Amino acid sequence: MKTNQETRRSFITRAALTSLAAVSIPEIIMAAMPGNHAPKLNLTKNDTILFQGDSITDAGRNRGDKQYNSQNALGGGYAFLAAAELLLNHPEKNLKIVNRGISGNKVFQLAELWDTDAIEIKPDVLSILVGINDYWHVLSHGYKGTVDIYRNDYRALLRRTKEALPEVKLIIGEPFAILGTAVNSSWFPALEAYQQAAAELAAEFDAAFVPYQKVFNAALKRAPGAYWSADGVHPSMAGSQLMAEAWMQVINS
């Protein structure tokens, strides 16, 4: 027979779990996003929106398909899901949405193809998510990069972009990781230096910032890491939708 103390503890545990389950994913995302003074972007008619980055953005896209608003060209990740929501919500704007993310990319590799994969597209909105490989490949691929190289290369890329496209509206995504088959506790807090660099560059270039790490950390209160990303880097379907909803928060509806 349970004691009063055991019964009370069981009740408190059930109440805490019920309260946690009652918190919706949109509420989690809103709580994780920057404050009211963080930059948001307005979309205008005929805007071209370009997603750039690494495998998280690439998401298995058909790189031979150069069309805009093409499911094959957008891949199966957050970029496609965000694009689908934008096109659903704004048919009157005639948006043109493209994805040029490439699996494995680090900042210097983005720069190598930047003229053709960014500048020549002349995006009105440019969303960049890069940085996880700049750290991960130091651990597992023999890359000799540092956080200073990441920051300096990224700053040079953003300056180059603004010189060529002074009116472009920028979105910078925070590189993120959660514990998974490819990610262990040794990644932290080292990865935080890269995340801080991305946040600082967003502020320097007046870019909207999507704090994916904070969003995923908050989502872990609803489901374990494997639900959002099996390896801790590449999001699941649920993780990709979570990212898309977080990305949409920096767009004025």
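Sequence positions, counted from 1, serve as the residue numbers for this chain. Please read all numbers here as calculations on a predicted model, not as lab measurements.
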Could you tell me the separation between the CD1 atom of I128 and the CZ atom of F205, rounded to the nearest 0.5 Å?
10.0 Å

Looking at W228, is its backbone amide N or carbonyl O close enough to the side chain of S236 to form a donor-acceptor pair, meaning the two atoms are under 3.5 Å apart?
yes

Pairing residues for Y68 by the ring pair (Phe, Tyr, Trp, His ring centres under 6.0 Å) criterion, not counting sequence neighbours:
none

Can a side-chain donor-acceptor contact be found between N105 and S103 if the only test is distance below 3.5 angstrom?
no

Which distance, rounded to the nearest 0.5 Å, do you find between the CD1 of I29 and the CG of L242?
4.5 Å

Do the side chains of I97 and L43 join up, straight or via other hydrophobic residues, at under 4.5 Å, putting them in one cluster?
yes

Quick one: side chain to side chain contact (heavy atoms under 4.5 Å, CB included) partners of A111, sequence neighbours excluded?
L157, R160

Closest non-hydrogen contact found for K40 with Q249 is CE-O, 2.8 Å

Assigning hydrophobic clusters by single linkage (Ile, Leu, Val, Met, Phe, Trp, Tyr; side-chain heavy-atom cutoff under 4.5 Å), is V183 placed with V138?
no

Between K106 and D54, is there a salt bridge with N-O shorter than 4.0 Å?
no

Just jot down the ring pair (Phe, Tyr, Trp, His ring centres under 6.0 Å) partners of Y154, sequence neighbours excluded, or say none.
Y150

How many angstroms lie between CG in D124 and OG1 in T48, if you round to the nearest 0.5 Å?
5.5 Å

Taken in chain and number order and not counting sequence neighbours, the residues that satisfy salt bridge (charged side-chain N to carboxylate O under 4.0 Å, His left out) with D58 are R63

Distance check, rounded to the nearest 0.5 Å: L170 atom CG versus E204 atom CD?
11.5 Å

Those residues at least two apart in sequence (or on a different chain) that pass ring pair (Phe, Tyr, Trp, His ring centres under 6.0 Å) with W247 are F51

Which residue, E174, Q195, E192, forms the side chain to side chain donor-acceptor pair (under 3.5 Å) with Q213?
Q195

How many angstroms lie between atom CD of Q241 and atom CG of L81, to the nearest 0.5 angstrom?
5.0 Å

Give the ring-plane orientation class for W136 versus W187, where under 30° counts as parallel, over 60° as perpendicular and anything between as tilted.
tilted

Mind checking whether L191 and L139 sit in one hydrophobic cluster, side chains of I, L, V, M, F, W, Y counted as touching below 4.5 Å?
yes

Strictly by side-chain hydrogen bond (donor to acceptor under 3.5 Å, both in side chains), give each pair with a member in residues 74-96 just once, sequence neighbours left out.
N46-N94, T57-Y78

Taking atom types as modelled, find out whether S70 and N72 have a side-chain donor-acceptor pair closer than 3.5 angstrom.
no

Hey, could you give me the OG1/CD1 distance between T116 and I121, rounded to the nearest 0.5 Å?
7.5 Å

